[in-house]
Amino acid sequence: VSTQSTGLSRKTATMYPELGGEEPDGGSDYEKGSLKQGLPAPGAARDIPWAILFVVHFFAVLAMLVVGQMSMSSALEKNTDNMESDNPLAAADIDPKLLSKVALTVVVCALTGVVLSVVWLWLMRHVPKQLIYASMVAQAVLWLVMAAYMVYVGAFFGAILGMLGLLITVVFWYWNRHRIPFAAAILSTVATVTKQFPGTIWCVAVALVLQVIWAAVWSYTSVGSFFWAEGAVGYVVYIFLLLSLYWTAEVIRNTTHVTIAGVFATWYFMGGDNNNLPHNPTLGAAKRAMTTSFGSIALGSLIVAVIQTVRALLRSLARQRGDNIAIQIVVCLVDCILGCIERLFRYFSKYVYVQCAIYGKSFCEAARDTWRLVGSHGIQAIINDSFIGAVLAMAQLCIALVCFCVGALAGVALTESDVNTANAGYEWLVYGILGALIGFVVASTTVSVVDSGVSTLFVSYAMDPEALEHNDRELKARFDETASNGHQRRGSLTH
């Protein structure tokens, strides 16, 4: 994959005809405003068989849901005489005041998380470099605290690991500090685009709701299968439902990623001074993700789901054969290897899906081009993700901690508990944990958008830097300066 393209309409349209760019009649390589549609048309679907397979599998799960519901209803009717009420909540002692207190705490903590997420986005836009430095210092401090605590409790091996982590963090930061300006430029730009298109945040929020709904549907289907699937059929149904759990969850997650990547790609190729932005780029990107790229998403998600299913079966086998040391060792080794493969594939496929979102490629074609991109820009991508990933992790941690404090204070106020007495209860701690969970979920929503945006901008700039010049010359100059300074500094360190 060449990164020295000299013009979007001529060079890029030749290399990537899916872009739909048209070569101008004049002598210029790029004609402002000539790119009428920078992303593939929704009708050009890729990897269709895998999309069909996912849909068929999903309808099979719904059919199991119906069969399970009928079987459960039949079983309950036979035992009606032994039941005082057919409502499982009839015997539950639920205090309405307690529910109102919990609901109030959830709302307060959710609002706190939203406000803090907005503040964090503002910091990403205005002081990205300082955030990166702060996150690196925080990592080093955490490693140091861990080492000190391990020494205090007498776990010297843990103390050695803590000091090793501290050393790696410091060396990594010092060796790659020249690349921080480029990572900061990417992070600031992503925060700006996220503010411009808040629909990306809502997209992740909808995905979270769908994940919850899917978990509920899957759980009910699994319970229902106990009433009709027995013996060998029951084991096959168990494996199928396990695969379905992971596959559908991955499809929802990756569809969201491709949608957000499509929004950022639309901005990159059609925004700025090149006034071609559609009215609602988030809606258009979502349509392409669920049509053009849905088969590719289903294929990539299936690969991860198969690995997760095998790992789950291995862990189940280890629990059943807990008295066999040999099986425990073998399962542990295989599970570790598969876990590494899964993490590597997830990281690689994140950039593959970006290629699918930008150019409408099939999964295999996008994987080949991503592999070439890794060959020329892989180290830079890893370092870039390491710096920005630390900032995003710190955002999640800080927001969760603040929401924990807010939830704990709300618990103290609502339950009127006295935390200073010897017989004080721990209701406030439960409210605090609930607040931390809500804050983490809200922060993860923003973090998911930023992470997808970072990978999309990196791929877009690596594959077609000239497109940015015709949309935002000032930003292009900033990217070029920080990227070139990083390469030059790297050269001075290695020679």
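Side-chain atoms are counted along with the backbone in the values below, which use heavy atoms only and exclude waters and symmetry mates. Computed from a prediction, not measured in an experiment: that's the story for all the values here.
To the nearest 0.5 Å, atom CD1 of residue I252 and atom CD1 of residue I297 are 11.5 Å apart. Rounded to the nearest 0.5 angstrom, L208 CG and I213 CD1 are separated by 11.0 Å. Between the CG atom in D335 and the CG atom in L313 there is a gap of 11.0 Å [rounded to 0.5 Å]. Rounding to the nearest 0.5 Å gives a distance of 8.5 Å between CD1 of I388 and CG of D451. The line from OG of S222 to CG of L241 is 4.5 Å long, rounded to the nearest 0.5 Å. Here S225 contributes atom OG and M72 contributes atom CE; the two are 9.0 Å apart, rounded to the nearest 0.5 Å.
With contacts defined as side-chain heavy-atom distances shorter than 4.5 Å, the pair T194/R125 does not qualify. Proximity of L121 to K195: side-chain heavy atoms (C-beta onward) are nowhere separated by under 4.5 Å. No side-chain heavy atom of S448 sits less than 4.5 Å from a side-chain heavy atom of T256. Taking 4.5 Å as the limit, every side-chain heavy atom of F197 sits out of range of all side-chain heavy atoms of F264. Under the 4.5 Å side-chain criterion, counting only non-hydrogen atoms from C-beta, C109 is not in contact with L434. The side-chain heavy atoms of D385 and K350, taken from C-beta on, include a pair separated by under 4.5 Å. L243 has its side chain out of reach of Y238: every pair of non-hydrogen atoms, C-beta onward, lies at least 4.5 Å apart. For the pair M463 and Q355, the minimum side-chain heavy-atom distance is below 4.5 Å.
Taking both residues in full, the closest heavy atoms of L187 and V391 are given as CD2-CG1, 4.1 Å, listed atom of the first, atom of the second, then distance. Listed here is the closest heavy atom pair of C356 and K361: SG-O, 3.6 Å. The heavy-atom pair separating I201 from T445 by the smallest distance is O-CG2, 3.7 Å. Contact record, T291 with A45: O-CB, 3.8 Å, taken as the closest heavy-atom pair. The two residues P128 and M124 have their closest heavy-atom pair at CB-O, 3.3 Å. When all heavy atoms are compared, the tightest approach of Y431 to G407 is CB-O, 3.2 Å.
Side chain of S73 to backbone of Q69: a donor-acceptor contact under 3.5 angstrom is found. Remark: the backbone N or O of Q308 is not paired with any side-chain donor or acceptor of E342 at under 3.5 angstrom. A distance-only check finds a donor-acceptor pair linking the side chain of H57 to the backbone of F54 [under 3.5 Å]. Between the side chain of W247 and the main chain of S301, no donor-acceptor pair closer than 3.5 Å is present. Judged by distance alone, with hydrogens and angles left aside, the side-chain atoms of S244 form no donor-acceptor pair with the main-chain N or O of F240 at under 3.5 Å. At least one donor-acceptor pair closer than 3.5 Å links the side chain of K101 to the backbone N or O of L414. In this structure, E427 contributes its side chain and V412 its backbone to no donor-acceptor pair below 3.5 Å. Although no hydrogens or angles enter the test, the distance criterion places no donor-acceptor pair under 3.5 Å between the side chain of S316 and the main chain of A312. Side-chain atoms of N280 come within 3.5 Å of backbone N or O of L283 as a donor-acceptor pair. Looking at S135, its side chain does come within 3.5 Å of a backbone N or O of I132 through a donor-acceptor pair.
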Exercise for the section: Starting from the C-alpha separation in whole Å, work towards a yes-or-no answer on side chain to side chain contact (heavy atoms under 4.5 Å, CB included) for Y359 and D369. Expected result: CA-CA 11 Å; Y359 304 117; D369 289 345; over 6 Å; no
Exercise for the section: May I have the step-by-step check of side chain to side chain contact (heavy atoms under 4.5 Å, CB included) for L302 and Y246, ending in yes or no? Expected result: CA-CA 8 Å; L302 178 61; Y246 295 128; over 6 Å; no
Practice task
For M70 and W228, run side chain to side chain contact (heavy atoms under 4.5 Å, CB included): C-alpha distance rounded to whole Å, both residues' side-chain angles, the deciding distance at 0.1 Å, then the answer.
Solution key: CA-CA 10 Å; M70 295 173 61; W228 63 271; over 6 Å; no
Practice task
Decide yes or no on side chain to side chain contact (heavy atoms under 4.5 Å, CB included) for V204 and I260, but give the supporting numbers first.
Solution key: CA-CA 9 Å; V204 178; I260 297 172; 3.5 Å; yes
Exercise for the section: Determine, step by step, whether E250 and R253 satisfy the salt bridge (charged side-chain N to carboxylate O under 4.0 Å, His left out) criterion, reporting the C-alpha distance in whole Å, the side-chain angles of both residues, the deciding distance to 0.1 Å, and the verdict. Expected result: CA-CA 5 Å; E250 285 294 312; R253 176 175 176 236; 3.6 Å; yes
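Annotation: F440, atom CZ; neighbour count of heavy atoms from other residues, nucleotides and ligands within 6.0 Å does not exceed 12. No more than 12 heavy-atom neighbours from other residues, nucleotides or ligands sit within 6.0 angstrom of CH2 on W50.
Ring to ring, Y268 and Y461 are not that close: their centroids are 6.0 angstrom or more apart.
Taking the six-membered ring where tryptophan is involved, the planes of F345 and F363 are tilted, since the angle between them lies from 30° to 60°. Relative orientation of the F58 and W214 rings is tilted, given thresholds of 30° and 60° on the angle between their planes.
Screening Y347, F348, Y353 against Y351 for a ring-ring contact (aromatic ring centres under 6.0 Å, His included) leaves a single residue, Y347.
A side-chain donor-acceptor contact under 3.5 Å links D47 and S296.
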